[in-house]
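Right, one structure below, let's go through it.
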Amino acid sequence: MYRYLERRLVEHLRAFLRRTYNLDIANIVVEQPPKIAFGEYALPLAFELAKKLRQAPRKIAEEVVAGVGAIPGFEKLEVAGAGYINVRVNRAELARALAADLPQDDHSRQDQPAAVDVPAGKVLVEHSSINPNKAAHIGHLRNAILGDTFVRLLRFAGREVDVQNYIDNTGVQVADVVVGFLHIEQKSRAQIEALAAGTRFDYLCWDLYARVSQWYDEHKSNREARSAVLRSIEEGNNEVAAVAELISLAVLKRHLETMDRLDIEYDFLPRESEILHLHFWESAFAKLKDAGVLIYETEGKNSGCWVMRRAGTSSANTPALEGVEITAEKITEEDQKVIVRSNGTVGYVGKDIAYHMWKFGLLGRDFGYRKFFRYPNTHDCWISTVEGEKDHPHFGDVAEVYNVIDARQSEAQNTVIDALRGLGHGEAADRYTHFSYEMVALTPRCAAELGYELSEDDKARSWIEVSGRKGFGVKADDLLDALIASAGREVDGRHPELSATERGRIATQIAVGALRYFMLKYTKPSVIAFDFKEALSFEGDTGPYAQYAVVRASNIFRKGGLDADAFGEDAGNKLSAEDFSRFLDGESGNDIWELWLAAAKTSYVVGQCIATTEPAYLAKHAFQLAQLFNTFYHRYPILSEADEGRKKFLLTTAAVVRRELIRILRTMGIGVPSVM
RNA sequence: GGGCCCGUAGCUCAAGCGGAUAGAGCAUCGGAUUUCUAAUCCGAGGGUUGCAGGUUCGAUUCCUGCCGGGCCUACCA
């Protein structure tokens, strides 16, 4: 609602500037005033115009205020300070629309249906992409939670989204665990199969993987086992490849179970083995050669390889003059990225280029599909195969791509984008977003708790990187278990009257809320220094704080003998515009209005999150709304309110905030317990 | 060497394309009428936004140079 009012305001201003000053300002900046008493929007417009019009900002502001005329939904514009234009909306009108929960555009934009705002075409979000050779850890949790929340944000905005989780089942990481089972543990395929059927097979692989790394270090010759295993996996149709397949599928299944605990689901799991066996690369390779994106190097250390210019490097040595043959451009050795090795095999980036051509429907080949995993809610997750089932959903061929991959891979990601552009698919390259974020590390204290020996240098660091290879890190399931246990102790103490099952359910919801919120509250470029104390906190800027605000709202209705959901549904009919004016207008209405205004901003915030690929704004929004509600809750006792009209208004306020908060939390993948 | 990111309160982090008095949480200290349960609320202290310049009516934000830290820079994935 809030965002449509903003847009309408900008349109009126733009029209005014055009007809009055003959100026076309492409981007009219709209801000939010520092205090609610100043209004709902603030425009620094006059400062910008001062130079162009050669007039004092204050004078321009006065002209704008006087000349722009009435705008539907707005109360008035006024000049403040040196030339700010503060804008006041019609509080009663906005509140009534929010209470009625009108579909966003019905109220604000009757001339344009909501569908106009939703861009055409499907969106593909790739996230998680965990190597299927060991248990998922906290770093993977950040990825999956960011990715899943972004999916929810897109769906909130009306987009159709496919969720993919890319599985590298043919690389060294899987090979190393295969080496561990076959060479160190000396297990047979049947024995491994039995282990894989046990509980938390991924934990077993976690430890084994760390031991394999040690084993390699013991004798250089031990590494030969890895090469042999890798070769067998790539060739396929042999015992080693079968072992690798069974391990990677078993670990993958564990990952899906772990993520399902957090309400994270996938639609499709494309695997590297199919990219190889279905010859995706051959198709891509031919096109890349034709387009001159790949260059065959004949000298230097990369002699015999097909190379590409590394993303971010410029051809400073060979000035890009017009008419210069670009395809014959010489790339200095250090700016070369090897795509095809001299032995003819393709590296990771090459496979990724092929995969992304497939994503955009530019490859001319498709995967085979079979059902792999059915979630408890009966949603099916599909996996790639060479020969698949006849009937399957259509994946790929999308309009936009978001890849949730950590910042360390930005160069590789940009190289893929460059390749698409080099192939002449500039429009695809423009709609390819590397959703980049920083890693999760551990505080030195946390590392010490896990038994890691700290050097003096380590102790001075603000954080220490986890290492799967060393088996050093916090496993996702362990963290979740710890959170559930901790939340469970609180619930048991507070609600002994509930059944153990019910208490467990609540503890799980709180744990998931705490974990998801924790991973979302930091902005993406910030390294998270993980600490159990912080992650296990349920107070202050946390998920449980926001959940608790909803529970409190629910309690009001329960104690009052009312149904909160039902009350919220027709809340718009309970009060007249005059009622809203009475309680929201003027100085006295400011603090409750602030709560209403915050509740009205959800779709605006969702839009910001998508535009900036930053889910942290949603966490901030949830916290702010919960905080305002708690203040309101404390300041205005509702059930004991004597004035019936006022009581109805306060109840409506609680119902609307509760409804919006539930919506926000759902978009973050966080449910709300019945009691806390 | 080159590329990318970061540096804000004791700690962990915010600050929408440059805007009004740089905000939260934690920690510390002091409070909250026996209320819709305190996983809550109110208050206090705590800042030369790494340093130095520049652009601007206005800079935490943009530019340049330093200082400090991280990541990437494999014929690994």
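Note that the structure is a prediction, hence the values are computed from the model and not measured. Throughout, protein chains are lettered first and strands after them, A, B, ... in sequence-line order, and every chain is numbered starting at 1. The analysis underlying the following values was restricted to heavy atoms, covering all of them including side chains, and did not include hydrogens, waters or symmetry mates.
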Steps toward side chain to side chain contact (heavy atoms under 4.5 Å, CB included) verdict (F532(A), V474(A)): CA-CA 10 Å; F532(A) 281 103; V474(A) 177; 3.9 Å; yes

Criterion side chain to side chain contact (heavy atoms under 4.5 Å, CB included) on M308(A) and T415(A), from CA distance to verdict: CA-CA 8 Å; M308(A) 232 186 105; T415(A) 303; 3.6 Å; yes

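Helical stems in RNA chain B, defined as runs of 3 or more consecutive Watson-Crick or G-U wobble pairs with donor-acceptor distances under 3.5 Å: B:1-7 with B:67-73, B:10-13 with B:23-26, B:28-32 with B:40-44, B:50-54 with B:62-66.
Side-chain nitrogen and oxygen atoms of Y517(A) include none within less than 4.0 Å of the OP1 or OP2 phosphate oxygen of rG25(B). For rG16(B), neither phosphate oxygen OP1 nor OP2 lies less than 4.0 angstrom from any side-chain nitrogen or oxygen of Y604(A).
In this structure, A42(A) reaches the bases: a heavy-atom distance under 4.0 Å links it to at least one base atom across the strands shown. Residue-level contact check: I510(A) touches the bases, meaning some heavy atom is under 4.0 Å from a base atom. In this structure, V174(A) reaches neither bases nor backbone, as no heavy-atom distance under 4.0 Å exists between it and the strands shown. Residue Y545(A) is in sugar-phosphate contact alone, with no base atom involved, counting any heavy-atom pair closer than 4.0 Å across all strands shown. Within 4.0 Å of S526(A), counting heavy atoms only, lie sugar-phosphate atoms of the nucleic acid but no base atom. In this structure, V307(A) reaches neither bases nor backbone, as no heavy-atom distance under 4.0 Å exists between it and the strands shown. Within the nucleic acid shown, F47(A) comes within 4.0 Å of at least one base atom, counting heavy atoms only. In this structure, N630(A) reaches the sugar-phosphate backbone alone: every heavy-atom distance under 4.0 Å involves primed, P, OP1 or OP2 atoms, never a base.
Of the candidate nucleotides rG70(B), rG25(B), rG16(B), rG25(B) has the atom nearest to the side chain of Q627(A). Listed nucleotides: rA39(B), rG16(B), rC17(B). Nearest to the side chain of Q608(A): rG16(B). You'll find that the side chain of N86(A) is closest to rA20(B), out of rG70(B), rC57(B), rA20(B).
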Where protein sits on nucleotides 71-77 of chain B, one letter per nucleotide: B base, S sugar-phosphate only, - none, heavy atoms under 4.0 Å: SSSSBSB

Heavy-atom protein contacts under 4.0 Å, nucleotides 26-37 of chain B, coded B base, S sugar-phosphate only, - none: S---------BB

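Taking the six-membered ring for Trp and the full ring otherwise, Y41(A) and Y2(A) have centroids separated by under 6.0 Å.
To the nearest whole angstrom, the two C1' atoms, one in rC76(B) and one in rG50(B), are 37 Å apart. Nucleotides rA32(B) and rU37(B) have their C1' atoms positioned 15 Å apart, rounded to a whole Å.
In this structure, the NE2 atom of H434(A) is 20 Å from the P atom of rG3(B), given to the nearest Å. Across the protein-nucleic acid pair, Y41(A) atom OH and rA20(B) atom P stand 19 Å apart, rounded to whole Å.
Checking R469(A) against Y209(A) by side-chain atom types alone, a donor-acceptor pair falls below 3.5 Å.
Contact check for D168(A) versus V174(A): no side-chain heavy atoms found under the 4.5 Å cut-off.
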